[in-house]
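Okay, so here's the structure we're looking at.
Residue numbering restarts at 1 for every chain, and letters A, B, ... go by the order of the sequence lines.
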2 protein chains.
Amino acid sequence: MTPTGERVRQAALELFAERGFHGTGIRQLAERAGVSSASLYHYMGTKEDLLVALMTSSLERLVGDAEAAVAGSDDPVGQLGALVRMHVTAHAARPLETRVGDHEVEALSPPAREVVVALRDRYEQVWQRVLADGQAAGVLDLEHPALARRALLEMCSGVARWFDQAGPLSLADLADHYVALACRLLGVSRATRRGGAVISA
Amino acid sequence: MTPTGERVRQAALELFAERGFHGTGIRQLAERAGVSSASLYHYMGTKEDLLVALMTSSLERLVGDAEAAVAGSDDPVGQLGALVRMHVTAHAARPLETRVGDHEVEALSPPAREVVVALRDRYEQVWQRVLADGQAAGVLDLEHPALARRALLEMCSGVARWFDQAGPLSLADLADHYVALACRLLGVSRATRRGGAVISA
DNA sequence: GCGTGTCGATCGATCGATCGATAGCATAGG
DNA sequence: CCTATGCTATCGATCGATCGATCGACACGC
């Protein structure tokens, strides 16, 4: 990717996250990227194409990281800890990507939305499988697995809306706290929690 | 409020929630409300005034309900249960209000945003105080109260994004599950949980 | 006749997108 | 070595459409 092309992507990410897709004009986008509005179209298709590219690349990275996190352990509690750590770190370190991904799905036209929703579903299936494995193994205590999964994911995604990377709390500490909260939420037994060094590593 | 005025409010609520403030045009709004775009201005000021009215009335109701929920008990755990129940029920039963309130704050001009943010802060202070009381009384176990409060609120607000009132899960059951999840998350001791009939009432 | 409601017509501004033109820079042909 | 050719990158000007908002006119009930 050319430097200017990268600046366009970055400008779009910032503006879409901050003002929303419909709230961002082509001219604002061009000004932020340091080019004319006409030059913009040398680096993108339509404005929507740009949004789709941002969302899919962000989601593909998330899906890849989730699958890698799960592959790093065969213990459900360890997998869960790795997933929470990865998810929270991603949302706290790259809040722009995740805010756009969460808020602007409705701005997409139906065909583009299908692709994005399919990616998001694939991501959530990773979590679903880990939770199901954990309950089958008896190391999680879930009254209502689907509800618990949604509650957990919403809780973890929330950091993108408030975490300040320049604040007193480090990314690692933040992730540690959330792993502990997730364990409580899902009823990880105390014995398992102690044994699972993977969780806090 | 006149019937037409109410239809305008309802149309705005639906469209702002579904397409966003900037994604909703005056003409769409008029069509949904069943009037001409000119007549719209008989019932509102600017488009932004309408958004502000929707957000403040929704938030004022939430603040009032929160203060009422807290007033109904002097036990921190009971207060917490009532808060969670109220919050989850509100978000599940009126997802349009809460989605607009959560997503469109950035669409407001600075003076209007101030009012809305002040209301939201007042709401969160109710939660903050209950959590602090609970920890002071030794019935909650919070490693990082501010972080726990945010995690809890994000978890509970999430229901507005996925709960289907026509689905198999009733509002009351949903709220029950979330009260239980909140108790786990905040480390409500088992003895307190059993004793607190208020929590599940 | 006067306040309340309603609307078609239209305002200036801005929207996303395209146009043709231009400048820079490579490489190939003589 | 020179210049012809073609490709990448850039922009001012401008397109038709739509934006939020306003106007004057008309209808109805008190």
Side-chain angles (χ1 to χ4, degrees), chain A residues 1-56 100 103-113 115-116, chain B residues 1-56 100 103-113 115-116:
Chain A
M1 181 72 67
T2 141
T4 306
E6 203 49 60
R7 286 215 315 280
V8 170
R9 282 177 69 97
Q10 182 61 28
L13 200 54
E14 293 169 12
L15 288 170
F16 290 171
E18 157 185 330
R19 307 184 190 267
F21 177 72
H22 290 301
T24 301
I26 283 293
R27 288 160 184 82
Q28 290 176 264
L29 190 48
E31 188 182 9
R32 177 77 63 109
V35 295
S36 73
S37 70
S39 294
L40 223 47
Y41 287 87
H42 187 69
Y43 296 96
M44 64 182 211
T46 65
K47 194 174 81 154
E48 183 179 4
D49 289 341
L50 182 56
L51 175 62
V52 171
L54 291 174
M55 294 183 79
T56 53
V100 171
H103 285 35
E104 307 297 340
V105 180
E106 288 90 2
L108 296 169
S109 61
R113 184 168 352 185
V115 177
V116 169
Chain B
M1 179 72 66
T2 137
T4 305
E6 202 49 60
R7 286 215 315 279
V8 170
R9 282 179 69 98
Q10 182 61 27
L13 200 53
E14 292 169 12
L15 288 170
F16 289 171
E18 156 185 332
R19 305 182 191 267
F21 176 73
H22 290 299
T24 301
I26 283 294
R27 288 159 183 83
Q28 292 175 264
L29 189 49
E31 188 182 10
R32 178 77 64 108
V35 294
S36 73
S37 70
S39 293
L40 224 47
Y41 287 87
H42 188 70
Y43 296 95
M44 66 183 209
T46 65
K47 194 174 81 153
E48 182 178 5
D49 289 341
L50 182 56
L51 174 62
V52 171
L54 291 174
M55 293 182 81
T56 54
V100 171
H103 286 36
E104 306 297 340
V105 179
E106 289 89 2
L108 295 169
S109 61
R113 183 167 354 185
V115 178
V116 169

Task: Nucleotide-resolved protein contact map, nucleotides 25-30 of chain D, B/S/- at heavy-atom distance under 4.0 Å - done: ------
Task: Protein proximity profile, nucleotides 4-16 of chain C - base contact B, sugar-phosphate-only contact S, no contact -, cut-off 4.0 Å on heavy atoms - done: -BBBB-B----BB
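Between A/Phe16 and A/Phe21, the ring planes are perpendicular. Angles over 60° get that label, and only those under 30° would be called parallel.
Counting heavy atoms from C-beta outward, A/Leu29 and A/Leu40 have side chains that approach closer than 4.5 Å. Considering only heavy atoms from C-beta on, A/Met44 stays 4.5 Å or farther from A/Asp49 through its side chain. Counting heavy atoms from C-beta on, the side chains of B/Val115 and B/Met55 never come closer than 4.5 Å.
Among B/Glu6, B/Glu14, B/Arg7, the single residue meeting the side-chain hydrogen bond (donor to acceptor under 3.5 Å, both in side chains) criterion with B/Gln10 is B/Glu14.
Counting all heavy atoms, side chain and backbone alike, B/Ser37 lies closest to B/Arg27 at CB-CG, 4.3 Å. Considering all non-hydrogen atoms of both residues, B/His22 and B/Ala107 come closest at NE2-CB, 3.9 Å.
Side chain of A/Glu48 to backbone of A/Ser109: a donor-acceptor contact under 3.5 angstrom is found. Checking side-chain atoms of A/Glu104 against main-chain N and O of A/Leu51 turns up no donor-acceptor pair under 3.5 Å. A/Arg113 places a side-chain N or O within 3.5 Å of a backbone atom of A/Leu108 that can act as its donor or acceptor partner.
Within residues 104-113 of chain B, no residue has any heavy atom closer than 4.0 Å to DNA chain D.
Base pairing of C/dG16: its partner is D/dC15, meeting the Watson-Crick or G-U wobble criterion (both donor-acceptor distances under 3.5 Å).
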